Structure formats: C-alpha cells, structure tokens
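Okay, so here's the structure we're looking at.
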Amino acid sequence: MIKTYLSFSLLICLVFSQLLCAQQSNFQIPQAEQQKMMGLVRSIYQQFQSLPFNQSDLSSIIQRFNTPCTLPSSERYYAESLRAKADEHNNDWGVDFRGRFLANFNGQPIDDTDIGDEESGSQGYVELSWELLNGGLYENHHRAKSLYQQAELVSLQAEAKQITNTYRCLRQELPQLFIGFTHQVLQLRLEFMQAVYAIERRAYFKGWSQFDDLLVSKDEIVRIQHELDYIKRSPFFVAQSAELLNPPLVDININKLLDAIAQDSLAPQLAELQQDILRYKDDKKIASRLRVFVRENLLEDDQFGHDSANIGVRFSVPLTWTDDDELQFQLLQLEKQAALGNWERISKVRDAYQQIRYQQKQTIKQYYRYQRALERFRQAWLSVQLQYDERELVTVLTRLRTLLDASFELIETKQILYRRVNALFLQAQLKFSPEFISHYELPTENNRGRIGQRKIYLWSKTFNRLDNKYLLDFMQAKGIATVLLSDSKKINKFKKQAFLQMLKQRSLKVELMIGSNQWTLPQNHARAVQGIARVMQQADTIHLDIEPHTFADFKQHKQRYLNNYIAMLTAMRKQIGTTRLTVAVPLHWPIEFYQQTAMLVEGVYIMAYGSRKPATLIRRLSPVVDKIGAEKITVILRIKDFKDEWEIEKMTEALHKTLHIQQFGFENFNSFFTLSSKQEK
C-alpha cells in the first residue's frame with residue numbers, strides 16, 4: 001500500500017512538474033514576436049505624439065463663433081415692402097380733384113339723392129377737396145408711421161433671428177471642429193486593435209498565457225470601423241480631415257454675459273416699437289372725418305352757363321363714449337411680456353450655464369484620466385526600453401490601449417462641452433463677443449503638486465540608450481524642469497544636439513556636466529579651463545562634477561585638496577565670463593569652503609546622501625544654509641536612500657518648510673525611473 005501510494009505521488013509530481021515546465025516554456029515569447037510588438041507600440045505612439053494636445057489658442061474657436069450664418073432670409077424684402085407702402089401713404093395728403101356732369105334728355109329733373117350727392121343741387125361741377133382726418137392726411141400720416149415702425153420691427157427681428165441662426169448653424173457645424181482629430185485617434189485605435197487582436201489570437205493557440213489580459217473582442221473593432229465609416233461619409237470630412245484641431249477646455253464669463261444681456265438694447269427696442277405700432281393703430285382721431293372743398297358749379301336745372309363757386313366743410317364725428325383703458329392695458333401687457341421675456345432669457349442662460357459646468361466636470365475628470373493613462377504608459381514603455389522583465393511588454397500593450405481609449409473619450413467630452421457652450425449663446429440671443437469665453441486653465445497633472453524646482457542627473461550611457469522623447473516625457477511627468485546631462489566623450493553627439501533643441505521647445509533647462517577629479521591638481525587647472533571653453537557655447541550653464549574628496553589621501557591632505565579646488569574655480573571664473581557655473585559638493589566639508597565656493601559659482605549642489613530622515617538632513621544642512629543662503633543651494637537626494645517616492649516627497653516638504661530650500665535634484669535618472677517603475681507595479 002505504501003509503495004503504491006509513493007508511486008502515485010511520484011506520478012502526480014512528475015505530471016505537475018511537466019505541466020509547470022510546459023507553462024514556463026510557453027511563457028517565453030519568441031524574440032521575433034517581441035520585436036514585432038515593440039515596433040507596433042513604437043509606431044502607434046509616435047503617431048499619437050504628433051497629435052495636438054493641450055492647445056490653449058482660442059483664435060480658431062472665436063473665429064467660428066464670429067462667422068455669421070449664410071441661411072437665406074426673407075425678412076429684408078418684407079421690411080422693404082413695408083417701407084414702400086409707408087412711402088405711398090406718406091405721399092398721399094388726402095387731396096382729391098372731383099367732378100360730375102349730368103344731362104336730362106326727357107326734360108325731367110334729376111334727383112340728386114339717387115346719385116348720392118345730396119349736398120349739391122348741381123348736375124355738373126368740378127371740385128378740389130382735402131380730407132384731413134379719416135381717409136386723408138392725418139390717417140395716411142399715421143399709417144405711414146405705423147408701416148415705418150413695422151418695417152423697423154421686422155428689421156430688428158431679422159437681426160435677432162440672424163444671431164440665433166448663427167448659433168443654429170454652428171450647432172450643425174461644431175462636429176466639423178473635431179472631425180480631423182477624432183478621425184486620427186479612431187484610426188490609431190483601429191490599427192492598434194486589429195494588430196492586438198491578431199496577437200491575442202496567436203497567443204491563444206501558442207499558449208502565451210500572459211496575453212490573456214488583452215481580451216480585444218471583434219465587436220470592438222467593428223464598432224470603431226463603423227464610426228470611422230460614418231465620419232468619412234460626412235460632407236465636411238475632406239475639408240476638415242487635414243485640420244487636426246483639438247480645442248481647449250473653455251469656460252464662460254457668465255457675469256459679463258449677464259451684464260451684456262442687461263445692457264442689450266435690441267429687446268427694449270423691439271418692445272418699444274410694438275407699443276408705438278399699437279398706439280398708431282388705436283388713435284381715436286382717425287374715427288372722425290373732416291373734409292374741406294372748393295367747388296365750381298357748371299350745370300344747374302339743365303341750364304349751362306350757371307356760374308357759381310362754393311366753399312364747404314364736411315365732417316363726421318361719432319357720438320360714442322370712448323376712453324383709453326383698452327390701449328393702456330394692451331401697452332401694459334406688452335411691457336410685462338417684455339419683462340417676462342427678459343427674465344426667461346436670463347433664467348435659460350443660467351440653466352444652460354449649469355449644464356456647461358456639469359460638462360466641465362466631466363471633461364476635467366476625463367482629462368485627468370487621460371493624463372494618468374499617459375503617465376502610466378510612459379512608465380511601462382520606458383521600463384521596456386531599459387530592458388526590464390519581458391512581461392512589461394504586455395503591460396505596455398494594455399496601457400497603450402487605455403491611453404488611446406482615454407484620448408478618444410476626452411475629445412468626445414470636449415465636443416459635448418462645446419455643444420453646450422453654443423446652446424448657452426443661443427439662449428442668450430446676443431451677438432458673440434470674445435470676452436464671453438475664456439480658456440479654462442487646469443493645474444498641471446505632470447508634477448502632481450511637487451514642491452520646488454526639480455533637477456535630475458542623466459549619464460551618457462542611459463542617455464544613448466533611450467529615445468529623447470521618452471526621456472522628456474518622464475521628466476515632465478515627474479515635474480523635472482532641469483536635466484544635468486553628462487557631456488562625456490561617450491555621448492552620442494547627434495542625439496545630444498537634437499535633445500538640446502527639444503529641451504528648448506518644451507521650455508526645459510539643461511546644464512552640461514563635465515569634469516575630472518584630476519582637474520583639482522594645480523598642474524591641470526589650465527586643462528580644466530579648456531574643458532569649460534569646449535562646452536560653454538552649447539549651454540548657458542556648466543555643471544562641474546569634480547569630487548576631490550574621492551582621492552585616497554583626501555582625509556590626510558584635506559586642506560590642500562580643498563585649497564586647490566578653490567584655486568581651480570577661481571581660474572575658471574576668470575575665463576568663462578557670464579556663463580553660469582554650478583558645482584556638486586559633499587556635505588562633510590568645512591563650512592568656510594562652502595562660503596568660498598558659493599562666491600565663485602551661481603549654484604551649489606549639495607550631495608545630501610546617506611539618510612532618509614528629514615530631521616537628520618535638516619540638522620546637517622542648517623549650518624550651510626545659514627552661511628550661503630537657501631536660494632543658492634540645490635539639495636541632491638540619492639534615490640537608493642529612499643523606499644519610494646512618498647518618502648522623497650516628505651523629505652522635500654520638510655526641507656522646504658524648515659530651511660526654505662526651493663531646488664532639489666536626484667541622482668540619477670536610472671535609479672529614479674527604477675523606483676517609479678516598482679511603484680507602478
């Protein structure tokens with residue numbers, strides 16, 4: 001029984017060990033596959049980096065909002081027809097030339113009543129008459145004024161309609177702003193997803209279990225392709241696809257907008273015109289008639305030659321009791337309608353602004369999600385570049401996917417934000433003004449509130465191995481504004497020149513680091529000056545990495561070495577003129593040498609190594625800070641002295657709070673990145 005049990009146990013162990021070995025063997029990805037995946041990531045990320053992010057220029061946006069709508073309008077012609085009709089009435093003074101001639105062929109007198117001229121006993125006359133009230137001068141004058149006012153009302157209404165039509169047009173055109181950028185991001189997502197889907201399929205059949213986390217489904221690829229097809233069918237695609245516009249996050253100057261609404265003259269003008277039109281239409285004098293005339297009789301009692309002239313007045317006054325109550329109530333109604341309309345206008349604008357604020361929060365949230373995705377991808381990609389564990393490659397793929405997703409969702413939330421901005425202006429019914437809109441500045445996510453100015457040492461071996469963009473990405477992600485670049489003979493000269501140019505483009509600083517401990521010796525001081533002269537044309541600041549304390553007999557001859565060091569700096573200072581000079585020194589020199597050094601250089605970088613306790617470094621640094629001042633000191637921290645970045649941050653906060661240190665440096669890039677990469681895992 002025991003023998004059988006042992007045999008069975010050995011069999012289980014053998015099978016398990018074989019499965020484990022098989023799993024371990026399957027875990028290894030062929031080198032060719034790794035290179036293929038690396039090439040995919042490099043290609044996608046390089047294209048992604050060329051896209052415009054963090055744009056702050058509002059000029060193109062302002063131009064779009066200021067472009068009037070070209071929709072056809074009929075109001076202009078209606079207003080002109082009203083003015084033409086008003087001119088007709090204005091030119092009609094109510095003056096008429098009248099006449100009548102009647103003949104009796106059967107000898108019977110003609111009854112004037114039958115022909116409607118009771119006021120005359122004449123069968124023939126000519127008359128010049130002037131109608132003054134109803135149907136005449138006064139009424140025509142009022143009608144002309146009313147029509148002029150109506151024409152002005154139509155013109156102002158057309159102006160208001162043009163303003164709203166501009167925003168209605170922009171509502172249809174807003175997607176054009178985002179077509180080019182959205183298309184590029186979707187194209188990158190599709191290219192990446194299709195490649196990853198193929199990788200995942202091979203991984204499944206080859207047993208590369210580490211790719212299980214990718215899980216790219218076919219329906220996701222189809223949905224991206226469907227969206228791309230829709231964009232390409234847009235009539236604006238050809239014109240806008242080349243314009244990669246990524247509009248910035250914006251805010252509304254709501255107080256200025258509300259003030260502009262309160263001071264808007266268009267709405268009061270419309271209300272006043274409506275009241276004037278009503279007054280003209282309701283004038284009670286128009287109901288009365290008054291006509292004066294001059295008449296020359298030509299025929300009377302069937303006899304020609306009758307010669308008589310008459311001057312007369314004809315009037316008609318309705319005997320009814322009237323008052324102005326109806327008109328006053330109508331005018332009050334218009335006044336209250338105008339006030340209510342203004343209240344509703346402001347209320348709708350405030351409500352629209354609340355919608356904008358909500359969308360701003362969504363956009364800000366998505367922006368920082370994008371920033372986190374970008375930083376995490378940079379970390380993983382740099383880790384692969386530095387040839388860490390191959391399993392990082394899977395992390396790179398998943399984080400690149402997250403980054404592409406986050407960038408697409410960010411542009412989508414921005415698009416909704418701009419739609420709501422346009423909806424607010426539509427409710428405001430005001431002609432657009434650039435003062436109504438502003439760029440919403442977000443606190444940078446790159447340095448995450450890190451205290452002080454940050455610097456980092458970068459040695460030539462690491463520099464030559466890593467792509468310039470990745471180095472800069474990491475620096476900006478960690479809030480590092482200055483790089484101390486080793487300018488040794490081993491550095492790639494062409495890569496260095498490109499790197500220096502990129503630093504300028506990103507507003508980052510560089511200090512070229514040179515030096516040899518042998519320069520401290522008096523016979524090498526001239527050589528040291530020549531070394532400075534060699535690089536001083538390439539950078540504004542030279543950093544000396546000369547450490548006399550590393551000589552084997554430094555302790556025995558400390559005074560001599562330090563005196564030689566000061567003499568070397570003095571010789572350099574005489575030759576380099578305005579070139580800035582910084583030096584790295586340890587934290588165990590006599591205090592007077594720190595003072596002498598500080599007088600000869602622009603910056604003293606103190607290598608505060610060996611402790612991660614803030615109290616210890618504060619105690620050791622305090623005498624130096626008291627003598628030369630915190631503004632000239634950069635405290636260099638050694639990364640391996642700390643467990644994580646949080647300890648580093650606590651140290652910088654303590655040094656800043658207690659000693660007012662503003663500048664911090666890290667030794668060195670490789671160590672800092674390694675520490676950061678471990679935290680990301």
Side-chain angles (χ1 to χ4, degrees), residues 68 71-98 127-165 261-294 311-345 429-431:
L71 288 176
S73 175
S74 62
E75 285 82 1
R76 170 192 167 190
Y77 303 102
Y78 180 46
E80 291 300 325
S81 70
L82 289 171
R83 290 190 181 95
K85 188 67 174 176
D87 290 340
E88 290 181 11
H89 283 285
N90 211 28
N91 294 328
D92 185 357
W93 290 17
V95 177
D96 292 323
F97 183 68
R98 303 181 182 186
E127 176 185 295
L128 184 65
S129 63
W130 189 13
E131 194 74 56
L132 296 175
L133 297 178
N134 181 277
L137 176 66
Y138 190 84
E139 181 180 4
N140 288 336
H141 178 70
H142 270 56
R143 285 185 178 180
K145 279 191 173 182
S146 178
L147 289 169
Y148 283 133
Q149 298 285 51
Q150 290 181 52
E152 184 66 20
L153 178 64
V154 170
S155 296
L156 289 179
Q157 289 173 335
E159 182 180 338
K161 187 175 180 181
Q162 177 64 31
I163 292 173
T164 57
N165 280 346
I261 292 175
Q263 298 171 12
D264 181 27
S265 62
L266 185 59
Q269 285 178 357
L270 290 172
E272 186 177 348
L273 283 171
Q274 289 174 323
Q275 289 179 328
D276 288 343
I277 292 170
L278 189 60
R279 289 189 184 98
Y280 286 126
K281 287 183 176 180
D282 197 71
D283 196 330
K284 302 301 182 183
K285 296 178 182 177
I286 297 178
S288 301
R289 302 196 65 174
L290 176 63
R291 179 161 62 95
V292 297
F293 60 88
V294 176
I311 298 175
V313 177
R314 182 180 181 184
F315 62 88
S316 174
V317 179
L319 296 178
T320 59
W321 179 263
T322 61
D323 55 41
D324 291 336
D325 289 349
E326 180 183 3
L327 175 62
Q328 293 304 317
F329 286 130
Q330 289 176 334
L331 294 175
L332 284 172
Q333 180 188 11
L334 289 175
E335 182 181 335
K336 298 304 180 183
Q337 282 180 346
L340 179 61
N342 191 59
W343 178 86
E344 289 179 342
R345 182 181 177 190
Q429 301 174 18
L430 286 175
K431 187 177 180 181

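Only a predicted model underlies this, so the values are computations on that prediction, with no experimental measurement involved.
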### Task
Say whether, by atom type as modelled, one donor and one acceptor occur between the side chain of N140 and the main chain of D92 under 3.5 angstrom.
yes
### Task
Please identify each residue that fulfils side chain to side chain contact (heavy atoms under 4.5 Å, CB included) with V95, with sequence neighbours left out.
W93, L128, W130
#### Entry: Test salt bridge (charged side-chain N to carboxylate O under 4.0 Å, His left out) applied to D87 - qualifying residues, sequence neighbours left out
none
### Qualifying residues under side chain to side chain contact (heavy atoms under 4.5 Å, CB included), relative to Q162, sequence neighbours excluded
P68, C69, T166
### side-chain hydrogen bond (donor to acceptor under 3.5 Å, both in side chains) involving R345 - partner list, sequence neighbours excluded
D264
### Message
Run I163 and L430 through side chain to side chain contact (heavy atoms under 4.5 Å, CB included) and show every step you take.
### Response
CA-CA 7 Å; I163 292 173; L430 286 175; 5.6 Å; no
#### Entry: E131: partners by side-chain hydrogen bond (donor to acceptor under 3.5 Å, both in side chains), with sequence neighbours left out
R289
### NZ on K145 to CG on N90, rounded to 0.5 Å
9.5 Å
### Task
Check the pair R83 / L147 against side chain to side chain contact (heavy atoms under 4.5 Å, CB included), numbers first and verdict last.
CA-CA 6 Å; R83 290 190 181 95; L147 289 169; over 6 Å; no
### Straight-line distance of D96 CG to E127 CD, nearest 0.5 Å
9.0 Å
### All side-chain hydrogen bond (donor to acceptor under 3.5 Å, both in side chains) counterparts of K431, not counting sequence neighbours
none
### Query
Who passes salt bridge (charged side-chain N to carboxylate O under 4.0 Å, His left out) against E344, sequence neighbours left out?
none
### Query
Is there a side chain to side chain contact (heavy atoms under 4.5 Å, CB included) between I311 and V292 once you walk through the steps?
CA-CA 8 Å; I311 298 175; V292 297; over 6 Å; no
